[in-house]
Amino acid sequence: MPHTFYKTKEGSPRVSLAEAVHAANRTIHSRGTQNRDFQRMGTTCTALALTRLWAIVAHVGDSRCYRVRRDRIDQLTFDHSIVWELARERGVAPEKIDLIEHRNVITRSLGPEQEANVDVEGPIPVLPGDVYALCSDGLTNHLADEEIAVAVRELAPQQASKLLVQLANLRGGSD
């Protein structure tokens, strides 16, 4: 993805980041069609392009991008999952949707289809001290947003990553 992002000179950084995700999708899809064991394989993706002035996020699936600014954490992406789609349709918070059996079913991913539906957010203004965290549902299913915020705000990136993974594993580490 970084190679495609940097070599895509046409258009804006938004276009370049989206093209990088589309290129990743084409590669995954191609591999899935070449090997029967990998047919319809897929993955989620969240990518962040960050400068001193702005951030752009491209995403597919339920991996998330958070921004921590002072004492606040903001989720910058929308989960492409049945729960989040139902919540948006009903105008309620995702926590209010009572789905036990299909809670983690995603509505978009990279790989299974020839073309991916990629959401691109931004440019989002960046302020000094902002911290960004990209994480899969393996983390967000076991930790509260506020726990993620404290770790990434107070610790160095490598320490925060280790702590968050250890906490998620202690709480069940399903992914």
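For this chain, numbers begin at 1 and follow the sequence in order. What you see below is based on every heavy atom in this structure, not just the backbone, and it leaves out hydrogens, waters and symmetry mates.
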Legend entry - Ion pair check, R171 and E147, cut-off under 4.0 Å: yes
Inset, instruction - Check whether any side-chain heavy atom of H59 sits under 4.5 Å from a side-chain heavy atom of H80, and report yes or no. - result: yes
Legend entry - Gap separating the CZ atom of R67 from the CG atom of L48, nearest 0.5 angstrom: 11.5 Å
Inset, instruction - Take D37 and M41 through the side chain to side chain contact (heavy atoms under 4.5 Å, CB included) test and state the conclusion after the steps. - result: CA-CA 9 Å; D37 293 335; M41 72 174 168; over 6 Å; no
Run the side-chain donor-acceptor check on residues 150-168: report pairs under 3.5 Å with partners two or more places apart or on a different chain.
residue, atom, partner, partner atom, Å
R153, NH1, R70, O, 3.2
Q159, OE1, A156, N, 3.4
S161, OG, P157, O, 2.9

Legend entry - N117-E113 side chain donor-acceptor pair, cut-off 3.5 Å: no
Legend entry - Transitive ILVMFWY side-chain link V60 to V83, under 4.5 Å: no
Legend entry - Ionic contact status for R26 with E19, cut-off 4.0 Å: yes
Legend entry - Partner of L143 by side-chain contact (heavy atoms from CB on, under 4.5 Å), out of T140, N141, L139, D145: L139
Legend entry - P13 side chain reached by W54 side chain, heavy atoms, under 4.5 Å: yes
Legend entry - Contact check, side chains of D79 and R64, non-hydrogen atoms, under 4.5 Å: yes
Legend entry - Minimum heavy-atom distance between I56 and P123, given as atom pair plus value: CG1-CA, 4.0 Å
Legend entry - Any side-chain heavy-atom pair of T77 and V57 under 4.5 Å: yes
Legend entry - Student check: side-chain heavy atoms of E121 and F78 closer than 4.5 Å: no
Inset, instruction - Answer yes when D74 and R72 have at least one side-chain N-carboxylate O distance shorter than 4.0 Å, and no when they do not. - result: yes
Legend entry - Candidate pair L127 and R69, rule side chain to side chain contact (heavy atoms under 4.5 Å, CB included), full reasoning: CA-CA 8 Å; L127 297 180; R69 180 175 283 166; 3.5 Å; yes
Inset, instruction - Compare all side-chain heavy atoms of Y66 with those of I148 and state whether any distance is below 4.5 angstrom. - result: yes
Inset, instruction - Compare all side-chain heavy atoms of M1 with those of C45 and state whether any distance is below 4.5 angstrom. - result: yes
Inset, instruction - State, without any angle test, whether S63 and T46 hold a side-chain donor-acceptor pair at a distance under 3.5 Å. - result: no
Legend entry - L50 versus V126, closest heavy-atom pair with distance: CD1-CG2, 3.8 Å
Legend entry - Residues R108, D119: salt bridge by 4.0 Å N-O rule: yes
Legend entry - Pairwise side-chain contact, T43 with I28, heavy-atom cut-off 4.5 Å (strictly under): yes
Legend entry - Shortest non-hydrogen contact from S109 toward N25: O-OD1, 4.3 Å
Legend entry - Residue pair E85 / S81, side-chain donor-acceptor N/O under 3.5 Å: no
